[in-house]
Amino acid sequence: MGTMKINPEHEFDGQLSINPSSSRLLDPEEFRRQGHMMVDFLADYFQNIEKYPVRSQVEPGYLKKILPDSAPYKPEPIEKILEDVERDIFPGLTHWQSPNFFAYFPCTSSTAGIVGEMLSAGLNVVGFSWIASPAATELESIVMDWLGKMMNLPKTYLFSGGHGGGGVIQGTTCEAMLCTIVAAREQMLEKVGRENIEKLVVYASDQTHSSFEKAVKISGIKLENFRIIPTTKDTEFALDPKSLSRTIEQDIKSGFIPLFMCATIGTTSTTVVDPLKLLCEITKDYGIWVHVDAAYAGGACICPEFQHFLDGIENANSFSFNAHKWLFSNLDCCCLWVKDPSALTNALSTSPEYLRNKATDTEQVVDYKDWQLSLSRRFRALKLWLVLRSYGIDNLRNFIRSHVKMAKHFEQLVSIDERFEIVAPRNFSMVCFRVSPLALGNKQVNKFNMELLESINSCGNIHMTHALVGGVYMIRFAIAAPLTEYKHIDMAWEVICNHANAMLDVN
């Protein structure tokens with residue numbers, strides 16, 4: 001494991017004292033000193049990141065055994081704290097920015113993303129309404145239009161489109177889903193009466209992300225009214241329009257009120273794409289709100305060659321994706337567009353006297369507090385603005401394309417080894433594979449692949465996660481870490497083969 005060195009000018013001398021100037025909570029010169037030190041610390045971390053096990057190897061409760069029972073009464077210097085970070089905290093980290101991290105979906109950093117986060121944290125404005133920091137609101141509206149145009153979203157989703165639409169930056173997809181469900185709920189109850197809330201029904205496939213179920217629970221929709229439509233291998237585990245149509249018709253005959261459907265562009269398990277255009281043709285006849293979740297794959301849609309996956313979005317009501325997943329904007333940064341922002345504001349707005357102001361009262365401005373769950377909000381747009389400006393559209397597209405090319409390379413490595421098989425089509429930069437039943441004879445295929453994955457993750461060289469789809473246990477290999485190069489893909493494949501070889505020889 002590598003050891004990062006703190007600049008000799010800042011070495012801890014063993015005395016638990018601090019620079020007298022830091023007795024002020026925000027001293028410019030002390031901030032400058034500590035800020036330089038923190039940047040050096042992180043730069044060294046990125047430079048040495050491959051020396052750490054990718055997945056943390058600690059046991060539950062490890063940190064409680066080594067940290068004090070209470071906070072210190074006297075101040076401790078940043079030098080000492082950073083030493084403790086490396087000694088005590090780093091072992092308990094799974095290193096998401098490691099070039100050998102291929103698990104889950106990515107949570108990407110970039111120089112611009114980190115610097116933008118630092119700038120946002122330093123300014124620390126609370127832009128709940130336009131008057132609270134006009135630039136925070138106006139920049140957010142502008143960059144959401146920039147990003148929408150990059151993805152070729154219909155004008156109906158843009159502030160500048162002239163149709164009343166617009167975008168907002170939420171924290172995560174969970175928040176975006178909950179906001180849109182609540183908006184749809186209120187809109188529907190205004191029509192059918194609040195006494196009918198127990199008749200409202202929502203729809204999704206069994207491949208829809210679990211955050212949708214959480215949003216349904218919180219929204220007050222009865223969980224037994226959550227229709228999880230099974231998918232099959234025949235549709236590559238995408239949501240089948242015919243199954244959706246049958247389910248809706250059955251609900252209507254039973255006296256239920258169809259409310260909301262979530263379609264996915266790039267499911268978590270296999271990155272399958274639901275047939276959005278066909279689904280929207282069905283839902284429009286019933287007045288169902290359609291939300292499109294592209295949390296991971298949405299980033300790819302800034303590239304023209306991936307924009308066909310959004311066909312049909314003109315007939316949906318809302319669309320979201322996480323710029324912190326595959327657009328290098330650091331957690332958290334979920335971009336949500338809605339065709340009818342008034343549906344959000346009617347459901348989520350509050351107008352206490354202490355927040356009243358001329359700009360709001362005359363309806364000249366956007367108050368983003370009414371587009372989200374909480375009142376307070378971070379200046380996330382600043383970070384996204386820095387990313388878009390620092391790299392430009394051409395470079396951002398090339399970064400994404402490079403990840404897709406590396407995924408194709410890994411897919412080829414798997415395909416030419418007859419002991420392995422690809423178990424789901426690759427749409428973006430994730431490959432789903434397993435050791436083939438043909439290589440295992442009578443052995444339990446799922447059990448073998450499960451043990452293979454745990455063996456690989458336990459060694460710390462690379463990190464992957466799994467999915468279970470249609471009864472098939474598969475290993476997911478997701479590429480998008482900012483430091484990953486072809487050499488890391490080749491090394492990862494070597495690690496996979498070595499562990500597979502050892503287990504096949506033993507078995």
Side-chain angles (χ1 to χ4, degrees), residues 39 42-43 45-47 49-50 95-102 105-120 139-153 157-158 160 167 169 265-266 271 294-310 319-335 337 379-410 426-431 478-489:
V39 169
L42 286 172
Y45 167 68
F46 293 135
Q47 198 164 45
I49 196 168
E50 291 187 66
H95 298 275
W96 284 66
Q97 305 312 309
S98 168
N100 301 311
F101 181 93
F102 306 106
F105 279 140
C107 184
T108 52
S109 291
S110 64
T111 299
I114 296 170
V115 171
E117 191 73 31
M118 181 179 179
L119 182 57
S120 176
L139 184 62
E140 186 160 335
S141 299
I142 290 168
V143 297
M144 287 300 289
D145 266 14
W146 280 11
L147 191 50
K149 291 174 182 177
M150 288 165 61
M151 304 174 76
N152 200 28
L153 289 183
Y157 286 97
L158 307 180
S160 59
I169 303 178
I265 309 297
T271 69
Y296 153 72
C301 293
I302 68 167
C303 301
E305 62 267 30
F306 293 108
Q307 289 173 3
H308 68 278
F309 288 122
L310 299 179
F319 168 73
S320 65
F321 89 98
N322 292 338
H324 58 254
K325 274 191 166 68
W326 203 11
L327 204 60
F328 322 109
S329 297
N330 286 61
L331 189 71
D332 51 3
C333 190
C334 176
C335 301
W337 290 267
F379 195 176
R380 299 183 185 97
L382 195 60
K383 167 179 57 181
L384 186 55
W385 188 53
L386 258 72
V387 168
L388 297 181
R389 291 190 62 191
S390 297
Y391 301 115
I393 296 173
D394 286 345
N395 278 329
L396 289 170
R397 286 172 173 169
N398 288 335
F399 292 145
I400 287 169
R401 286 167 178 152
S402 70
H403 294 147
V404 174
K405 288 178 181 177
M406 283 189 274
K408 289 180 180 178
H409 174 65
F410 181 80
R426 181 200 51 76
N427 287 318
F428 303 100
S429 67
M430 189 180 80
V431 179
I479 301 168
L483 297 171
T484 301
E485 301 174 5
Y486 277 93
K487 65 180 181 181
H488 300 106
I489 306 302

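Note that the numbering runs from 1 along the sequence shown for the chain. Note that the structure is predicted; figures quoted are calculated from it, not measured.
The main-chain N or O of G116 is never found under 3.5 Å from a side-chain atom of W385 such that the two would form a donor-acceptor pair. Put simply, the side chain of S320 never gets that close to the backbone of C335: no donor and acceptor are under 3.5 Å apart. Of the possible donor and acceptor atoms, one in the side chain of S329 sits under 3.5 Å from a partner among the backbone N and O of L327. Between the S429 side chain and the V404 main chain, no donor and acceptor come within less than 3.5 Å of each other. Without hydrogens or angle criteria, K383 side chain to N330 main chain gives a donor-acceptor distance under 3.5 Å. Although no hydrogens or angles enter the test, the distance criterion places a donor-acceptor pair under 3.5 Å between the side chain of H324 and the main chain of C333. One N or O on the side chain of Q97 and one on the backbone of C107 form a donor-acceptor pair closer than 3.5 Å.
Between W337 and M144, the shortest heavy-atom distance links the atoms NE1-O, 3.1 Å. Counting all heavy atoms, side chain and backbone alike, T484 lies closest to S98 at OG1-O, 4.4 Å. R401 and P304 get closest at one heavy-atom pair: NH2-CD, 3.7 Å. Closest heavy-atom contact between L158 and G148: CD2-CA, 3.9 Å. Contact detail for A407 and R426: the closest heavy-atom pair is CB-CD, 3.9 Å. Minimum heavy-atom separation, P482 to T108: CD-CG2, 4.4 Å.
Annotation: side chain of P106 is in contact with side chain of Y296 (closest heavy-atom distance under 4.5 Å). Proximity of F399 to W326: side-chain heavy atoms (C-beta onward) are nowhere separated by under 4.5 Å. Contact check for Y157 versus M151: no side-chain heavy atoms found under the 4.5 Å cut-off. Looking at heavy atoms from C-beta onward, L396 lies in side-chain contact with V387 at the 4.5 angstrom threshold. Proximity of I302 to L147: side-chain heavy atoms (C-beta onward) are separated by under 4.5 Å at one or more points.
Taking NE2 of H308 as the start and CG of L310 as the end, the distance is 9.0 Å to the nearest 0.5 Å. We find the CG-CD1 distance between L384 and I142 to be 12.5 Å, quoted to the nearest 0.5 Å. The structure places CD1 of I479 at 3.5 Å from CD1 of I489, a figure rounded to the nearest 0.5 Å. Once rounded to the nearest 0.5 Å, the distance linking CG of L386 with OG1 of T111 reads 11.0 Å. Taken from CD1 in I114 to OG in S109, the straight-line distance is 4.5 Å, to the nearest 0.5 Å. Once rounded to the nearest 0.5 Å, the distance linking CG of L388 with CG of N395 reads 12.0 Å.
Checked against the 6.0 Å centroid threshold, Y391 and F328 do not count as a close aromatic pair. Note: F102 and H488 fail the aromatic proximity criterion, with ring centroids not under 6.0 Å apart.
With a 6.0 Å radius and a threshold of 12 heavy atoms from other residues, nucleotides or ligands, M150 has its CE atom above the threshold.
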Point to revise | Test log, rule side chain to side chain contact (heavy atoms under 4.5 Å, CB included), inputs I393 and W146 | key: CA-CA 10 Å; I393 296 173; W146 280 11; over 6 Å; no
Exercise for review: Show your working on side chain to side chain contact (heavy atoms under 4.5 Å, CB included) between F101 and H95 and close with a plain yes or no.
Suggested key: CA-CA 7 Å; F101 181 93; H95 298 275; over 6 Å; no
Review point. For R380 and E140, what are the C-alpha separation, side-chain angles and deciding distance, and is it a side chain to side chain contact (heavy atoms under 4.5 Å, CB included)?
Key: CA-CA 8 Å; R380 299 183 185 97; E140 186 160 335; 5.8 Å; no
Point to revise | Test side chain to side chain contact (heavy atoms under 4.5 Å, CB included) applied to L483 and E50, step by step | key: CA-CA 10 Å; L483 297 171; E50 291 187 66; over 6 Å; no
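Ring orientation note: the planes of F309 and F428 are tilted relative to one another, at an angle of 30° to 60°.
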